[in-house]
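Numbers for residues simply follow the sequence, beginning at 1. One-based numbering, in listed order, for ligands and for the atoms of each.
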Amino acid sequence: MSELPIHVIKNRDQWTRTSPDWVEPGRRAWESKEITWGIWEVPESTVGALGDLSQWKGKDSVELGCGTGYVSAWLHRLGMNPIGVDITAAQLATARSLQAEFGESFPLIEASAEEVPLPDGCCDLAISEYGASIWCDPFKWIPEAARLLRPGGRLVFLRNSTLSILCTPDVGTAQPALIRDLFGLCRVEYDENSVEFHLPPGPMIQLLRSCGLIVENLIDIAPPEDATDTRFEYIKLDWARHWPAEEIWVATKQP
Ligand SMILES: C[S@@+](CC[C@H](N)C(=O)[O-])C[C@H]1O[C@@H](n2cnc3c(N)ncnc32)[C@H](O)[C@@H]1O
C-alpha cells in the first residue's frame, strides 16, 4: 500500500477522535428493520435507489467508508455477502462490537477506500453513505469503485447535494443564498481538522463515464412530511423543505 495522502490521515484522525459519538446512532441504525437513506432516514421503499431488492440476494457488495457498518448489515439481511472497508480502526471496532451484539458477521477491512486491498471485479454493488462519497478524493475512489465492480455491477452513493454545499458557510448552517463558487468546487475544508470532497454533477458525470460508469439515476432526497430537525447543525429542516440537502447517485459499470 502506498503512503496515505494528508487528507486521509487528517480524516482518520478526526474519525478516531469522534468515533465514540457514533456508537449510539450506529446501534439505532443497526436496529432498523428497513434500509433508510440520509439524515432523515427516508425508507428505501420511498427512495428506490437499490431497485428490486430481491435482485441482490446472493450477490457481493463492498461498502466504501462503512463506519459502524449498518448499511452492510442491511445488505447482509437482504442475503448479500457484504464487505465493509474503513480507514479508521475505532470505527471498525464499533462495527465489530455491533456485529457481535446483533449476531451478524461479515468481513471488515481496515484500508483507505482510495486504495482497497481487494481484487478487480469482486463485487456486484459498491456502496457508500457519507463514507468515501464525501471523505475521499473522487479522482481516487471512483476509479477504485469501478475496478472493484463486475461488469454490469452498480455503484450507489449518498452525499450532500451540491446545492447544499454551495449554500453552506465554513461555520454555520446552510443559507438560502449561494455562498461558494461552483466552478472549481471539489476539495472543501471547513476547518483544519478534516477534508471533504464535493465534486459538482457535471465533472462527476464526466469522471464516472471515464471509469466506465454510466449514470442511471440521481435522486434528490426530501425529508418526510413528519420530519423534525436532526442533531446535524449544518442543515435545518426548513432549508431542506425547499431544496434537496442530500442526493443519491446510481451508476452501472459498462459490460
Ligand atoms: C459518516 S461515517 C460512515 C457512514 C456510515 N454509513 C456510518 O454512519 O456508520 C464516515 C466514515 O468514512 C470513513 N472514512 C474517511 N476517510 C476514509 C477513507 N479514506 N477510506 C475509508 N474510509 C474512510 C470514516 O472513518 C468514517 O467511518
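- Protein heavy atom in closest approach to atom 11 (C) of ligand 1: Asp86 OD2, 3.6 Å.
- Using a 3.5 Å distance cut-off with no hydrogens or angles, the side chains of Tyr70 and Glu129 do pair a donor with an acceptor.
- Atom 18 (C) of ligand 1 has as its closest protein heavy atom Cys136 SG, 3.4 Å.
- For atom 5 (C) of ligand 1, the nearest non-hydrogen atom of the protein is Cys66 O, 3.6 Å.
- Close N/O approach between Tyr70 and ligand 1 is found [any backbone or side-chain N/O within under 3.5 Å].
- Remark: Gln91 CD to Trp22 CH2 distance equals 8.0 Å, nearest 0.5 Å.
- Below 30°, between 30° and 60°, or above 60°: for Trp141 and Phe157 the angle between ring planes is above 60°, a perpendicular geometry.
- Distance from atom 14 (N) of ligand 1 to its nearest protein heavy atom, with residue and atom name: Ile87 CG2, 3.8 Å.
- Counting all heavy atoms, side chain and backbone alike, Val116 lies closest to Arg147 at O-NH2, 2.9 Å.
- One N or O on the side chain of Thr18 and one on the backbone of Gln14 form a donor-acceptor pair closer than 3.5 Å.
- From the protein, the heavy atom lying nearest to atom 10 (C) of ligand 1 is Tyr130 O, 3.3 Å.
- Although no hydrogens or angles enter the test, the distance criterion places a donor-acceptor pair under 3.5 Å between the side chain of Arg180 and the main chain of Ile165.
- Among the atoms of Thr68, some N or O lies under 3.5 angstrom from an N or O of ligand 1.
- Looking at Arg209 and Gln206, their side chains never bring a donor and an acceptor atom within 3.5 Å of each other.
- Side-chain atoms of Glu246 and Ser161 form no donor-acceptor pair, as typed in the model, at a separation below 3.5 Å.
- Taking a cut-off of under 4.0 Å to the non-hydrogen atoms of Ala111, the atoms of ligand 1 that pass are 20 (N), 21 (C).
- No salt bridge links Lys140 with Glu115; every basic N to acidic carboxylate O contact stays at or beyond 4.0 Å.
- The single protein non-hydrogen atom nearest to atom 2 (S) of ligand 1 is Trp15 CH2, 3.5 Å, given as residue, atom name and distance.
- For atom 6 (N) of ligand 1, the closest non-hydrogen atom on the protein side is Glu129 OE1, 2.8 Å.
- Residue Trp135 approaches ligand 1 through these ligand atoms, each under 4.0 Å from one of its heavy atoms: 10 (C), 12 (O), 15 (C), 16 (N).
- The closest approach between Glu114 and ligand 1 stays at or above 4.0 Å for every heavy atom of the residue.
- Counting only heavy atoms of the protein, atom 3 (C) of ligand 1 lies nearest to Gly65 O, 3.5 Å.
- Geometrically, Arg187 does not engage Trp135 in a cation-pi contact defined by less than 6.0 Å to the ring centre and at most 45° from the axis.
- Within the listing of ligand 1, atoms 26 (C), 27 (O) sit less than 4.0 angstrom from a heavy atom of Gln91.
- For ligand 1, the atoms sitting less than 4.0 Å from at least one non-hydrogen atom of Ala113 are 18 (C), 20 (N), 21 (C), numbered in the order shown with element in parentheses.
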